[in-house]
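Down below is the structure, laid out as structure tokens.
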Amino acid sequence: MPRPVYINTVQEMKKLLVCILMLLAYSSLQAVDVIDPLANPDAVVVSGRARFTVLTPQMIRIQYSTSSAFEDRATFAVINRRLPVPQFTTREEGDYLYIETSALKLRYRLNSVISPLLKSPNNLNITLKVDDRTVTWYPGKEDALNLKGTKRTLDTASGDNQRPDLEDGVISRAGWAIVDESPSSKRGDGSTTFAFEQNVDGIDWVAEPVDKQALDWYFMGYGHEYKQAIGDYIKIAGRQPLPPLYVLGYWYSKYQAYTQQDFIGLVNDMSTNNMPIDVMIFDMDWHLDGWTGWTWNKKLIPNPVGLINWMHQRGLKVALNLHPADGVANYEDHFAEMCSDLGFSSTVDRIPWNLESPDFYRSMFKRIIRDREKQGVDFWWIDWQQNLTSDYIQGLSETFWCNHVFFNDMRINRTDRRPFIFHRWGGLGSHRYPIGFSGDTYGTFGSLAFQPYFTATASNVCFGYWGHDIGGHLQIGEKNPELMLRWLQFGVFSPIFRTHGASQAGNERRLWMYENFPLLLDCVNLRYQLMPYIYTAARQAYDTGISICRPLYYEWPDENEAYRAEGEYMFGDDILVSPIVTAAEDGEMAFQKTWIPEGLWFNVCRNELVEGDRYVSDWYCQEEIPYFYRAGSIIPCNPVIKNLKTRPSELLLKVVPGADGSYSLYEDEGDTQEYINGKFTTTMFSQQRTSNDVTLTIHPREGQFEGMPAERSYTVMFLAEQSPKSVTVNDVVVDDWVYDEAHQQVIVNVPSVSCDAQVVVRLMATSTGIDQLEGSHAVVSYESFDLLGRKTKVSNTLSQSHKGISIRRTVTDDGKVHIQKITH
């Protein structure tokens, strides 16, 4: 009889639904979103000094103004309120106004005061169902279960000492959260929100609120439907723009007084060592001495235009670091012109920074910013570290305002590329201005251990592109090759892949100067290999608001372990990452305990399927990164490449066993805004498994964009398979395949074929990737002991050099214990 086929039907149905929804989302985004801060009047209910706007069945805006002056303009966090009006009912009964949607019931006592100081449900409350429980919210109720968002910076962070400073997110385990846009409410940096007024040269400009004492809340009662909450939040707060493709590649950055020849030497050394790179950062020593500077230091860089052109010719992008707070000194280029523009006497020592002023903005960007951009600067690193709020507009965040102006100026004036900046978090709404610079952490394992949680949690406010100082900024002690390796391994599976460090003796960021460089280079190559998958996840973040790195509780909100396993996260839809963030206990191997969610997962390190809903404990070598593919997934990869400027003509497809599955690959021009207008393609890959074969189908490409490839070749890697009896491509038996017995992989080469054609690759009489799940052989967890009963470290990798005899105890899912004697 044929063997029964294990198919995770629920999981596969979910994946198929996700792919369908992705395609629908792609097809519906053929035009720029219409942004209108004025809500549909049919969604608005006014009751005396209170106003309620029903935005979705789970989201109601609550405003209260003693002067009945209600804000209708966009504010820093919320720019769009013109949503389809959901069904709701409203009635007055006795002393109360009632508003009911399919999810929420609001009760307001007529003509009463709404204030968080009352901490009472008497005047206003909202009830909703959370896991079959009725939950009641009222003004002033503490959200102790908020799942948090992010914070402005990790400057001086050591370990998780800045965890208490995380601002609230827009989701909570309590089932409700409040987005507070009240003008008097303090943000994390001590600033307040403001309104936007149209406009200065196309940029929405800051404006005072109509009532500074008004309350302006957005009640979000989504229960534990976290993804839906995030998706609806971006409807009112705006999308996460898609960064250029090259931004996701490797950045070299170092706070050091590099000369022009030093920069050239760095790039040449990377080329000699076959190391990919896409971005070169010129830190603050590019300009004249001082914290703030705008003029090239010609002693270090005598020919800046020539140097930047040299970088461009080699496929690199260049950014300059800015600390703009001190304004423009009298020795800077264009000082006289700016004095004339702004009415300053030429005898003043400096022009103060005043980006809140339209005149200052126009002069600064016309005279200085445009001049540097014409010299070839590709983007700006805005390293604001001084006074957090404005000297000219009380409560205005300098961080938020710099981000808003620099990003939108690039959007308007550099239409040949995608706008983005490199900057710190400036509060809710900052996700519209990617990407983030997390600041100057201490280089310790403790600091590294906090970053997976910090990075994934930022998705709760849609800030999905944190860029960390990989390796840590401030070095403690001698350089630590193991720490650099583990940090770089985490960096592979983080949004931005950038090494950086302070100007300290021995604080080395030239990876090729480390004794474990081959392992470091493997990390860089793995990052570039995964780029098709990463870029597709970036597009999904634009469409859905769900960031590349996100907590496990997005997918498993009812599992306690999804909240407790803070060091793990999903990287896109199909990869679970559990990075090593501790030092090896014996200088060789590190212990890691990973919670595996329900379903089947492919353990990449161990090349085997594991069943979830349990912890897996293991020891990992220096070169190993604990990460797991979702069963049935298809992971698109690049071949070995040197940068992202040129699109490779080959695609690698890793076909993961354990279930049927599908994946939709996203591609576009890489650095234009045309993706917003529907200029992109998607290619669907699907796999089906029976008891006798595995079939991978590469479906015809859909969509178009300028420069899209006409054809490509494929290398299809079927993971954890037995050697098949035969392989067919489009029903024709082929012999251009190999079986890698050491890794149990079937590798099929598909010659170059039109991207608009369908290709079907079939393995006949293979294992279907489910053999490990039959009987009682699925490993739940394992521990090893020596003959005296002491725990030892045993791995099934070939690179271990431990010698002797140990006993492996294997616990199976039926509770049985199996003892195995191991000689090694």
Polar contact flag, side-chain donor to acceptor under 3.5 angstrom, [X]-[Y]:
| X | Y | answer |
| --- | --- | --- |
| Asn507 | Arg509 | yes |
| Thr715 | Glu650 | yes |
| His699 | Thr683 | no |
| His468 | Thr455 | yes |
| Arg762 | Thr695 | yes |
| Ser547 | Gln240 | yes |

With heavy-atom distances below 4.5 Å as the criterion, would you say the side chains of [X] and [Y] are in contact?
| X | Y | answer |
| --- | --- | --- |
| Gln744 | Tyr739 | yes |
| Tyr627 | Leu526 | yes |
| Leu245 | Asp671 | no |
| Met717 | Leu653 | no |
| Pro434 | Pro241 | yes |
| Lys317 | Val247 | no |
| Arg417 | Met410 | yes |
| Cys523 | Phe490 | no |

Ion pair [X]/[Y], N-O distance below 4.0 Å:
| X | Y | value |
| --- | --- | --- |
| Arg647 | Glu667 | yes |
| Arg498 | Asp469 | yes |
| Glu721 | Arg689 | yes |
| Arg606 | Glu608 | no |

[X]: partners by salt bridge (Lys or Arg N to Asp or Glu O under 4.0 Å), with sequence neighbours left out:
| X | value |
| --- | --- |
| Asp668 | Arg418 |
| Glu373 | Arg370, Arg414 |
| Asp262 | none |
| Glu674 | Lys679 |

Quick one: does any side-chain atom of [X] pair with a main-chain N or O of [Y] as donor and acceptor, under 3.5 Å?
| X | Y | answer |
| --- | --- | --- |
| Glu482 | Ala584 | yes |
| Asn516 | Pro481 | yes |
| Arg550 | Ala458 | no |
| Arg486 | Val581 | no |
| Ser459 | Ala456 | yes |
| Glu623 | Pro518 | no |
| Arg527 | Ser494 | yes |
| Gln687 | Leu696 | no |
| Thr672 | Glu669 | no |
| His473 | Gly439 | no |

Apply the test side-chain contact (heavy atoms from CB on, under 4.5 Å) to residues Trp466 and Ile496: give CA-CA distance (whole Å), side-chain angles for both, the deciding distance (0.1 Å), then the verdict.
CA-CA 6 Å; Trp466 268 126; Ile496 305 301; over 6 Å; no
Can we call the ring centroids of Phe420 and Phe379 under 6.0 Å apart?
yes
Kindly say whether the aromatic ring centers of Phe406 and Tyr433 come within a distance under 6.0 Å.
no
Can you sort out the partners of [X] under side chain to side chain donor-acceptor pair (under 3.5 Å), two or more places apart, ordered by chain and number?
| X | value |
| --- | --- |
| Trp251 | none |
| His431 | none |
| Arg424 | Thr153, Asp155, Asp383 |
| Lys254 | Gln256 |

Only counting residues at least two apart or in another chain, list the ones meeting ring pair (Phe, Tyr, Trp, His ring centres under 6.0 Å) with [X].
| X | answer |
| --- | --- |
| Phe282 | Phe263 |
| Trp381 | Phe422, Phe437, His500 |
| Phe705 | none |

Which of parallel (below 30°), tilted (30 to 60°) and perpendicular (above 60°) describes Phe685 and Tyr663?
parallel
side-chain contact (heavy atoms from CB on, under 4.5 Å) against Asp278, all qualifying residues, sequence neighbours excluded:
Tyr246, Tyr528, Asn643, Leu644
So which heavy atom on Leu488 is nearest to which on Thr499, and how close?
CD1-CG2, 3.9 Å
Stepwise, does the ring-ring contact (aromatic ring centres under 6.0 Å, His included) test hold for Tyr666 with Phe680?
CA-CA 7 Å; Tyr666 172 82; Phe680 56 81; 5.4 Å; yes
Could you check Tyr465, Tyr250, Trp487 and say which one makes a ring-ring contact (aromatic ring centres under 6.0 Å, His included) with Phe497?
Tyr250
